[in-house]
Amino acid sequence: MADGSKLPKAAQLKILRLEDAEQQAQTLISSTVRRIGDLERIIMNNLDGDNGDAIREEIALLRDRRDEHTDRHRSCCDVNAAIRRYLGMLPANAVLSDAKKIKTRPKGGESFVEAVDRVRRDIANLVSERFQVQQCGLPIEEIRAKARDWISRHAQTARPRITATHNEFAISFEVYDERALVPMPDIAAIMAFLYPEKLLKRIDEAIEQMPKPRLALSAEQKAKRLREIKDLLYERETEEEALISLAEEQGQTIDRRPTADPRAILGLVVDRNKAAAA
């Protein structure tokens, strides 16, 4: 859904302001570069002028400002590009609305920069925890349960084919290892059929010797914690954007993160359930 006209009014206004910030940064770069060029020409035309040292110092200062404006412009471009990508990926029938504005201010004694840095530390901690949860291992009991289930399922697939006639009696295990490069009997499945209790006992012993993960969660616990982290991240990013917007109202500029959730930046609610039902 790339058509910005379908966005609610507050989100449209935020996009316009973000685009203005990008254009203003570009204008500052251009004007600073022109001023540096003018001063450099003055130096070249009068190398021994009385104000040469002052002009050189001013050029050095302007070059620092040019770099700051360039960084600001790059940050604005990255944020706006991320938002455009996000909106372009929304389904055409997505139901969009403005999110409820939250009230937040820096805590006692904090500047806006310090308040945003505090929230961003919370965000970084949540992102780190999300990675750990995504990489977490299973509790021993759940691994054992999976082993029992595996043995039970493979024992069923390995049931032998029995041929019994007046002229022939034969037993064959026609189960093959799907991962083998050439046809090869699935020995583990055959063992699961012949000796399920013995196999389970040995597998339990092997499980006991496995390295213990730093974090172990069941599938249900993992899914629940990831949902909680997702909600907490959105809350923190919404707070981050509210602080940045409040700082802008008071004339202070704080760069946004291109990796921030576009919904948080735009104050946008996306109802995918309604879109799917439409």
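Both backbone and side-chain heavy atoms feed into the values below; hydrogens, waters and symmetry mates do not.
- Legend: residues meeting ring pair (Phe, Tyr, Trp, His ring centres under 6.0 Å) with His69, ordered by chain and number and at least two apart, are absent.
- Under the side chain to side chain donor-acceptor pair (under 3.5 Å) test applied with Glu237, the options Arg263, Arg120, Arg257 reduce to a single match, Arg257.
- Phe173 and Trp150 fall within the same hydrophobic cluster, where Ile, Leu, Val, Met, Phe, Trp and Tyr residues are linked whenever their side-chain heavy atoms come under 4.5 Å apart, directly or through other members.
- The side-chain hydrogen bond (donor to acceptor under 3.5 Å, both in side chains) search around Arg214 returns none, not counting sequence neighbours.
- Salt bridge annotation for Asp53-Arg56: present, with a cationic side-chain nitrogen under 4.0 angstrom from a carboxylate oxygen.
- In this structure, the side chains of Leu7 and Leu87 come closer than 4.5 Å at one or more pairs of heavy atoms.
- For Lys146, the side chain to side chain contact (heavy atoms under 4.5 Å, CB included) test picks out Leu138, Glu142, with sequence neighbours left out.
- Among residues at least two apart or in separate chains, side chain to side chain donor-acceptor pair (under 3.5 Å) pairs with a member in residues 121-139 are Glu129-Arg225.
- Arg153 and Asp149 are joined by a salt bridge, as a carboxylate oxygen and a charged side-chain nitrogen come within less than 4.0 angstrom of each other.
- Taking a 4.5 Å side-chain heavy-atom cut-off between Ile, Leu, Val, Met, Phe, Trp and Tyr, the cluster of Leu61 contains only that residue.
- Residues meeting the side chain to side chain contact (heavy atoms under 4.5 Å, CB included) test with Met210, sequence neighbours left out: Ile143, Ile207.
- In this structure, Leu232 shares a hydrophobic cluster with Phe112, Val113, Val116, Val119, Ile123, Leu126, Val127, Val133, Leu215, Leu217, Leu226, Ile229, Leu233, Leu243, Ile244, Leu246, Ile254, the cluster being traced through Ile, Leu, Val, Met, Phe, Trp and Tyr side chains under 4.5 angstrom apart.
- Think of Leu181 as one node in a network of Ile, Leu, Val, Met, Phe, Trp and Tyr side chains linked at under 4.5 Å; it has no links at all.
- With sequence neighbours left out, the side chain to side chain contact (heavy atoms under 4.5 Å, CB included) criterion links Lys107 to Glu110, Arg118.
- The cationic atom of Arg159 (NZ for Lys, CZ for Arg) does not lie both less than 6.0 Å from the six-membered ring centre of Phe193 and within 45° of the ring axis.
- Sorted by first then second residue, the side chain to side chain donor-acceptor pair (under 3.5 Å) pairs that include residues 190-205, not counting sequence neighbours, are Lys201-Glu205, Arg202-Glu205.
- Annotation for Ile29: hydrophobic cluster partners, listed by chain and number, are Val33 (ILVMFWY side-chain heavy atoms under 4.5 Å, direct or chained).
- Every side chain to side chain contact (heavy atoms under 4.5 Å, CB included) that Ala81 has, sequence neighbours left out, goes to Arg84, Arg85.
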